[in-house]
Protein chains: 2
Amino acid sequence: MGIKEKQRVNFPKERLLDEAEALFAAKGYHGVSVREITQAAGCNLASINYHFGNKQNLYLEVFKTRWIPRAMRIREYVREVIAAHRPPSPAELIEAVAKAFLGGPLSDEERRRHQQLMFRELNRPSEAFELVAEKVMRPFSKELMEVLRPCVPGDLSEEQLLLCILSIFGMVLYFSFAQVAVSRITGRQYDSGFRSRLIAHIVQFSLGGLKLTGSGE
Amino acid sequence: MGIKEKQRVNFPKERLLDEAEALFAAKGYHGVSVREITQAAGCNLASINYHFGNKQNLYLEVFKTRWIPRAMRIREYVREVIAAHRPPSPAELIEAVAKAFLGGPLSDEERRRHQQLMFRELNRPSEAFELVAEKVMRPFSKELMEVLRPCVPGDLSEEQLLLCILSIFGMVLYFSFAQVAVSRITGRQYDSGFRSRLIAHIVQFSLGGLKLTGSGE
DNA sequence: GTCTATAGCAGGATAGAC
DNA sequence: GTCTATCCTGCTATAGAC
């Protein structure tokens, strides 16, 4: 009585969301057909229309029920570091951010999905981008600013501080999202050794950036 | 005797490549139909198959005849800065790189296309990624390393230096590619004032990063 | 809620006239 | 080289049995 194809423990609606997310992330909205999704989820062709109305709505629902909650887990991971060291040093905070995106609470597969979907929305924003920007990007940036504010020189303007945080995001996302390019260029695999190496580099580089940005431009 | 729809000065093959690039960048490979491309280029439906064999091959040809040459222009732009100040200071070099991607030799529209195509390939590498990595990414990184090498502390390992350069790429690409997100978060439009602001920030932040990375990790 | 069958349309590619 | 007409496949969405 073994489970045949995949674990069919969840409700069809949940399986559809899972498979849809994986496929949308990998191939993009237009690169995936509802046939492919329903087949991967072991559901009937008509199930997407029954549960979600249409394909577009399923895509949006993927963001609401999968992407956003996962982004919250990343945020929570950083929050725990902040709570553990109160107040955290800039190095601790940057390391937490780097780890959250390069390692952290997500599996490799989850992380890839998450970032692929985000970059697809950045490339061509759809209705889902609204959610991503307002529920995740903006509040997370704000939160980091508030935490970092007390430990940087006082003459750093709000805008300078924000640009520093965005720069850290930029580096972290690049090393994570563009890992196929980074591997090519450096000739290194993304094993745990190289990941630690990258995290250490990001922390060091960013600390220097913060310091020099603070010392009167 | 006015030209009707668009400038129809070039050969159909060239127009197809231009329109195909614009559409592939904006909507992705699967998001665009050959009907749409031929129509935009004012050509017949069959022209893509006649000139390129099939859709996939047109996509590849877009990279060979449009994307790569444009990347070379960006590289040339940086080279000119290097040639003008010999040897350039790290600040001058970083500024050149930042300008090359955020302003530089490309029009806004060209730059958007260029980066959208690149990020699409990073998201889901196709045959074209091989070209992008070997003809552009790798040699450009190497070139920058050689130029930057004499002006950084000697105890910076090759790998550390490379990671610094990749970090600069990461920031620059993030501020350029993710401009819709950056605008949301900062509340600022990407006018020339904000662009200069970003370039100045990137230079300052990166200089700090280089400096601290060099001073014994 | 789940399934089959199918409508109705858009996709890539090609044949063959000119 | 260019164009029209067309093939055939695959798509989303829906109707209606169960």
Side-chain angles (χ1 to χ4, degrees), chain A residues 3-65 117 120 124 126-128, chain B residues 1 3-66 117 120 124 126-128:
Chain A
I3 293 164
K4 285 281 170 59
E5 306 152 35
K6 304 191 172 200
Q7 288 184 325
R8 284 289 136 76
V9 288
N10 284 326
F11 295 111
K13 196 168 172 179
E14 300 304 309
R15 294 203 308 269
L16 284 170
L17 284 165
D18 288 335
E19 298 297 334
E21 190 191 21
L23 288 166
F24 283 144
K27 307 188 182 184
Y29 184 81
H30 295 288
V32 184
S33 64
V34 298
R35 281 174 161 77
E36 201 176 353
I37 297 168
T38 50
Q39 204 163 358
C43 293
N44 190 270
L45 174 58
S47 56
I48 285 180
N49 294 48
Y50 177 76
H51 286 292
F52 303 98
N54 56 35
K55 184 186 176 186
Q56 177 65 42
N57 208 265
L58 166 61
Y59 180 78
L60 201 61
E61 213 61 28
V62 161
F63 275 84
K64 287 185 187 163
T65 67
L117 284 174
R120 289 193 187 281
R124 175 145 262 250
S126 77
E127 208 182 332
Chain B
M1 301 266 183
I3 293 164
K4 285 281 170 58
E5 305 155 36
K6 304 196 172 195
Q7 288 183 325
R8 284 289 138 77
V9 288
N10 284 325
F11 295 112
K13 196 168 171 179
E14 301 303 310
R15 296 203 307 270
L16 284 170
L17 285 164
D18 288 336
E19 297 297 335
E21 190 192 21
L23 288 166
F24 283 144
K27 307 187 181 185
Y29 183 80
H30 295 287
V32 184
S33 64
V34 298
R35 284 174 160 79
E36 198 176 355
I37 298 168
T38 50
Q39 203 164 355
C43 292
N44 191 270
L45 173 59
S47 55
I48 284 181
N49 293 359
Y50 178 75
H51 286 291
F52 303 98
N54 56 36
K55 184 187 177 185
Q56 177 66 42
N57 209 266
L58 166 62
Y59 180 77
L60 202 60
E61 214 61 28
V62 161
F63 274 84
K64 286 185 187 163
T65 67
R66 294 290 183 275
L117 283 174
R120 289 193 186 282
R124 176 146 261 248
S126 78
E127 208 182 331

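Naming convention: chains lettered A, B, ... in sequence-line order (proteins, then strands); numbering from 1 in each chain. None of these values were measured; they are calculated from a predicted model. Just the heavy atoms: all of them, side chains too, but no hydrogens, waters or symmetry mates, feed the values below.
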### Task
Without swapping roles, check the side chain of A:Arg15 against the backbone of A:Ala40 for a donor-acceptor pair under 3.5 Å.
no

### Heavy atoms from other residues, nucleotides or ligands near CD of A:Glu36 exceed 12 (cutoff 6.0 Å)
yes

### Query
Within this structure, what is the CZ-to-P distance between A:Phe52 and C:dG1, rounded to whole angstrom?
12 Å

### Task
Return the value, rounded to whole Å, for the distance between atom CG of B:Leu16 and atom P of D:dC3.
11 Å

### Message
Run A:Phe52 and A:Leu16 through side chain to side chain contact (heavy atoms under 4.5 Å, CB included) and show every step you take.
### Response
CA-CA 10 Å; A:Phe52 303 98; A:Leu16 284 170; 4.0 Å; yes

### Query
Over how many whole Å does the gap from A:Phe11 atom CZ to C:dG1 atom P extend?
9 Å

#### Entry: Whole-Å gap separating C1' (C:dA10) and CD1 (B:Ile37)
15 Å

### Flag side-chain contact, heavy atom, 4.5 Å: A:Pro12 against A:Cys43
yes

### Query
In whole angstroms, how far is the C1' atom of C:dT2 from the CD atom of A:Gln39?
16 Å

### Message
Within the supplied structure, the quantity of interest is the number of heavy atoms (other residues, nucleotides, ligands) at a distance under 6.0 Å from A:Gln56 CD; does it exceed 12?
### Response
yes

### Query
Rounded to whole angstrom units, what separation is found between the CD atom of A:Glu14 and the P atom of C:dG1?
12 Å

### Task
Evaluate the side chain to side chain contact (heavy atoms under 4.5 Å, CB included) criterion for residues B:Val34 and B:Leu45: first the C-alpha distance (whole Å), next the side-chain angles of each, then the deciding distance (0.1 Å), finally the verdict.
CA-CA 7 Å; B:Val34 298; B:Leu45 173 59; 4.0 Å; yes

### Query
Hey, is the side chain of B:His51 poking within less than 4.0 Å of OP1 or OP2 on D:dT2, counting only N and O atoms?
yes

### Query
Given A:Glu21 and A:Leu17, is the side chain to side chain contact (heavy atoms under 4.5 Å, CB included) satisfied, shown in steps?
CA-CA 6 Å; A:Glu21 190 191 21; A:Leu17 284 165; over 6 Å; no

### Message
Within the 4.0 Å limit for protein heavy atoms, which parts of nucleotides 11-16 of chain C are touched? Write it as a string from 5' to 3', B for base, S for sugar-phosphate only, - for none.
### Response
BBBB--

### Task
Please step through side chain to side chain contact (heavy atoms under 4.5 Å, CB included) for the pair B:Ile37 and B:Leu58, ending with a clear verdict.
CA-CA 11 Å; B:Ile37 298 168; B:Leu58 166 62; 4.1 Å; yes

### Message
What's the angle between the local helix axes at either end of the helix from C:dG1-D:dC18 to C:dC18-D:dG1, using five pairs per end and rounding to 10 degrees?
### Response
0°

### Query
With under 30° as parallel and over 60° as perpendicular, where do the rings of A:Phe24 and A:Tyr29 fit, or are they tilted in between?
parallel

### Query
Between atom CG in A:Asn57 and atom C1' in D:dA13, what is the gap in whole Å?
14 Å

